[in-house]
Amino acid sequence: MFDYIINVSGYILEGSLITFQLYLVTAIFSVILGIAGALGKISKIPLLESILSFYTWVFRGTPLLLQLFFAYYGLPVLGITLQPFPAAALTFIVNYGAYFTEIFRGGIESINEGQYEAAKVLGMNYRQTMSRIIIPQTVKRILPATSNEAINLVKDSALVAVIGLGDLLRAAKVAVTRDFSIIPFIIAAVFYLIISSVIVTVFRKLEEKYSVYE
Amino acid sequence: MIKAKDIYKSFGELEVLSGISFEVEQGEAISIIGPSGSGKSTLLRSLIGLEEINSGELYIEGISVRESGKKAYQKMGMVFQGFNLFPHKTVMGNLIEAPLVVKGIKKSAAKENAAALLKKVGLSDKKDSYPAQLSGGQKQRVAIARALAMEPDIMLFDEPTSSLDPELVGEVLTVIRDLAEENITMLIVTHEMGFARDVSDRVFFMDHGQIISDTVPEKIFVNPESERIQNFLTKILSQN
């Protein structure tokens, strides 16, 4: 029994490699996309604002699973064929980028106008004002919402099993079918809980760090 | 030092500055008083480019704002009613931010300069505090030091004591008074009449977007010519 748990855990751990990779790639690029999207949304350039509003409307208003199917099964119809991992990564980045665009935009807009004025009278330009005064203050305010998304992403990553990516969940399911045992699912659940807990802890530490100034 | 000629400014339909002209000499301390809505703050904000004027000519140390606004604005520092300190930075961080980023001076030099300024405003012991840990009066003194860190030739104060509890007003006024004695050119929008009278070389009385009186303090406070000024002073002084 013990040996079986160790064996299956090893097998599921191999699957979780894909989950980790997807998580990392999505986290990095969707945050970058979110910052760019938020800056675009507050840019007061009407065309850019409209395009970005359409983008967040579509990607926040349709199921992630649909978007995943679209990228993997839909795009080949249009002659664009993606391997499972790139298709999954692209979908997740664009989807989470839409959420982060709105979260970051809200954070930036919550900063008092006086902060821009103070920076301006001190001679700071737009780039300096945003990067040194506004965005650092935004970070503290968006941490709770970002933390939620970070946990959602752990769970959403399991969706990639449906396009045949051998992630954590798929590995567990394969083991369940192969061994006719429920234990792999329990192990998978424990893995997800561990990952989520680590993320919660990281964000709690961040929130503590940023709470020094208010 | 400052030369303003026929400045007009509207917010939509509402004309806030209606033909403002004045000159300020090096080292002068000017108080700007008048009823609320008379355009005092808008005038100050226009001088440093926080508001764009609709017409008129503005020269700061001979530099035309129209031609090279940024260069002209750099000669000035500003202190706000609401402090506008950077909450995520310590007091020291607030003071060295612009010297480091805008002027590009060395961190050690910026810190040394900042420490001297904090000593001047009596807050040396607060250099590692965050703004949220300070009282209103302390915040405003930090804000003054932060503006001074950029070594401006002209300081603009926009109602620097209006959001302070009465018992904290004095400490801020003392700092501004000290600056006046150092002959820094200053324009101060204020409701503190006693202070305006003691500190200023000249007082502008504004009403309906115009400077209706530009004279020495005695003339306004001891012997006001216009009925409008008399009424205003009676009202303000009876409130205090």
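Note on naming: letters A, B, ... go to the chains in the order of the sequence lines (proteins, then strands), and numbering restarts at 1 for each one. None of these values were measured; they are calculated from a predicted model. Heavy atoms only: backbone and side chains are in, while hydrogens, waters and symmetry mates are out.
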* Structure fact -> Looking only at B:M76, B:R146, B:M78, most heavy-atom pairs under 4.5 Å shared with chain A are made by B:R146
* Got more than 12 heavy atoms from elsewhere within 6.0 Å of NZ, B:K127? -> no
* Within 6.0 angstrom of A:E207 CD, more than 12 heavy atoms from elsewhere -> yes
* Looking at side-chain heavy atoms only, is the closest gap between A:P136 and B:K89 below 4.5 Å? -> no
* Asked: So does A:F185 have more than 12 non-hydrogen atoms from other groups sitting under 6.0 Å from CZ?
  -> yes
* Can any side-chain N or O of B:Q74 pair as donor or acceptor with the backbone N or O of A:L122 at less than 3.5 Å? -> no
* Which portion of B:F86 sits near chain A, non-hydrogen atoms under 4.5 angstrom -> both
* Asked: If you tally heavy-atom pairs under 4.5 Å against chain B, which of A:R132, A:K120, A:E113 wins?
  -> A:R132
* With no hydrogens and no angle check, is any side-chain donor or acceptor of B:H88 less than 3.5 Å from a backbone partner on A:T138? -> no
* Asked: Would one find more than 12 heavy atoms of other residues, nucleotides or ligands at under 6.0 Å from atom CD of A:E109?
  -> yes
* Considering all heavy atoms, the nearest B:V102-A:Q128 contact -> CG2-OE1, 4.2 Å
* Around atom CZ of B:F11, are there more than 12 heavy atoms of other residues, nucleotides or ligands at under 6.0 Å? -> yes
* Sort by residue number and list every member of residues 45-53 of chain B having a non-hydrogen atom under 4.5 Å from chain A. => B:R45, B:I48, B:G49, B:L50
* Asked: Do other residues, nucleotides or ligands put more than 12 heavy atoms under 6.0 Å from A:Y73 OH?
  -> yes
* Asked: Which region of B:L156, side chain (C-beta onward) or backbone (N, CA, C, O), has a non-hydrogen atom less than 4.5 Å from a non-hydrogen atom of chain A, or is it both or neither?
  -> neither
* To do: Go through the steps to decide whether A:V121 and B:M150 satisfy the test side-chain contact (heavy atoms from CB on, under 4.5 Å), and finish with yes or no.
  => CA-CA 10 Å; A:V121 300; B:M150 289 299 278; over 6 Å; no
* B:P87 to A:Q137 - nearest heavy-atom pair and separation -> CG-OE1, 3.1 Å
